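Structure first, then comments.
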Amino acid sequence: MAQTTPNHTQTVSGWAAHDSSGEITPFIFKRRENGINDVTIKILYCGICHTDLHQARNDWGITMYPVVPGHEITGVVTKVGSNVKTFSVGDRVGVGCLAATCLECDFCKESQENYCEDLQFTYNGIFWDGSITYGGYSKMLVADHRYVVRIPENLPMDAAAPLLCAGVTVFSPLRDHDLHKTPGKKIGVVGLGGLGHVAVKFGKAFGHHVTVISTSPSKEKEAKDHLGADDFIVSTDDQQMQKGKRSLDFILNTVSAKHCLGPLLELLKVNGTMVVVGAPDQPFTLPSFPMIFGKRAVKGSVIGGMDETREMMELCGKHNITCDIELTSPDKINQALDRVAKNDVRYRFVIDIANAPAATVDDDQICSNL
Ligand code: NAP
Ligand code: ZN
C-alpha cells in the first residue's frame, strides 16, 4: 500500500512496480500541493535509467514498493510557489535524481548536494514531510525549485531528458578531474550504454582521445562512426586488451553488472585513475597487483551537484549535445526494461509521457493505493 501523508491531495496518474518482479502497471497516487518553494511540472518525457531496473526489481534490496521510477524528467512548469523567483509558468525544465538534501552541510553549501548525508532521491526516497517520493513515470511532479534546472531552448525535450541523470553522472567525474578544460588526454569509457554513450560525447567535446571498452563487438562501428570514439577495445578479447595496456590516463567505468576491475586497470598508465559510476548489485573483483604495480587509483562518483547539473546543461546547449534515444510509451515500459536488462538499447529509452493517455486502474485498486 502506498505511504502518503494526509496533506497530499493532488491525484496523479503514473506507472509503478509493486514487487520484485519489477513489472510496471498503471498506478494512481497522491502528490503534495505546490508549496512556497515548489514548482509543479507537467511531465513530457522521462528516461529509463538502468537504476530504474535495479530499483524496480529490488536488485539492491532497498526498494520501497510501490515504486514509481524515473529520474530523467523533462517537462513544463505549470505552477510556481511564492518564494520561487527563478522559474515561471511555461518554462522548460528538468529534474534529475535529487528531491531533497539537508541544505545546511558543507556539501549542500558548496552545491555538492549529491554528497549530503541526508540526500533523498526523486523516487524511493523520503521527502522532508515524511512521504515516500515517486518519480517521473507519471504525468505530473511537484519539485522543490532548488533541484530543478532549465533546459536550453535548442535542446529537444525528449533527447535532453537522460542528461538529468546519465549526463551529469558522467560529467561530474570528468569535471572533477579537470577533464572539461584540459584537452588531449587519453580517456577510456567502459560500457557503452546510456551513461557510456554520453561520456563518449563529452570526452570528444572536451578534446580528448576516447577509447570505448565494451563487451559488445557489434557496437564498434557506431561508436566510431556516429559517436566519434577514436578507438574500441573488446574487453573479452585478450589480444586487444594486451595491446591496450598502459595506454589510458583516465577510465570511466559505467558497467551495470558484476565484473573484474583488474584487466581494465591494466589499461591505465602508471598513476592513472578509474572512476566507477556503475552500480552492480554484486561486488566487483579488485585484484591488488594492477593497482600496486601501476600506482593506480579506483574511485567512485554519484550523480552530480545542482550547479554542475546547470553547467552541464548549458554546455550541452552550447555544443548541441543530446542523448541517442528510442522513444517508447508507458504501456511498453516492461518491454523496454527487459531490453535494458538484455543490453539491447541504443542508447536510452525515453518514455513519451506527454502523448500518453492517463493511467487507468480498477476502482478497487485506487482505494487500496490511496
Ligand atoms: P545501461 O544503459 O544498461 O549500460 C550499461 C552497459 O554496461 C551496457 O551497455 C554494457 O556495455 C555494459 N554491460 C552490461 N552488462 C555487462 C556485463 N555483464 N559485463 C560487462 N559489461 C556489461 O546502463 P546505464 O543506465 O548506463 O547505467 C549503468 C550503471 O550505472 C547502472 O548500474 C546504474 O545503476 C548506474 N548508475 C550510477 C549512477 C551514479 O550516480 N553513480 C547514476 C546512474 C546510473 P557494453 O555492451 O559496451 O559492454
Ligand atoms: Zn539514473
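Because the structure is predicted, anything quoted here is derived from the model rather than measured. Atoms within each ligand, like the ligands themselves, are counted from 1 in listed order.
The aromatic ring centres of Tyr134 and Phe29 sit less than 6.0 Å apart. Two rings, from His71 and Phe121, have their centers 6.0 Å or more apart.
Judged by the shortest distance from any of its heavy atoms, Trp60 lies inside the 4.0 Å radius around the atoms of ligand 1. Put simply, part of Cys165 is less than 4.0 Å from ligand 1, judged by heavy atoms. Contact analysis leaves Lys258 out of contact with ligand 1, as no non-hydrogen atom separation drops below 4.0 angstrom. Ligand 1 has at least one atom lying under 4.0 Å from a heavy atom of Lys219.
Side-chain atoms of Asn34 come within 3.5 Å of backbone atoms of Asp38 as a donor-acceptor pair (strictly under, hydrogens ignored). At least one donor-acceptor pair closer than 3.5 Å links the side chain of Asp91 to the backbone N or O of Ser88.
The protein heavy atom nearest to atom 2 (O) of ligand 1 is Gly194 N, 2.8 Å. Of the protein's non-hydrogen atoms, the one nearest atom 30 (O) of ligand 1 is Gly278 CA, 3.3 Å.
Inspection of the His226 and Asp324 side chains reveals an N or O donor paired with an N or O acceptor under 3.5 Å.
Evaluated by nearest non-hydrogen atom to atom 26 (O) of ligand 1, the leading choice among Asn114, Leu192, Leu195 is Leu195.
Relative to the six-membered ring of Phe349, Arg339 misses at least one condition, a distance below 6.0 Å or an angle of at most 45° to the axis.
His71 has its closest N, O or S atom to the Zn ion (ligand 2) at the position named NE2.
Contacts with ligand 1 closer than 4.0 Å are made by no heavy atom of His259, backbone or side chain.
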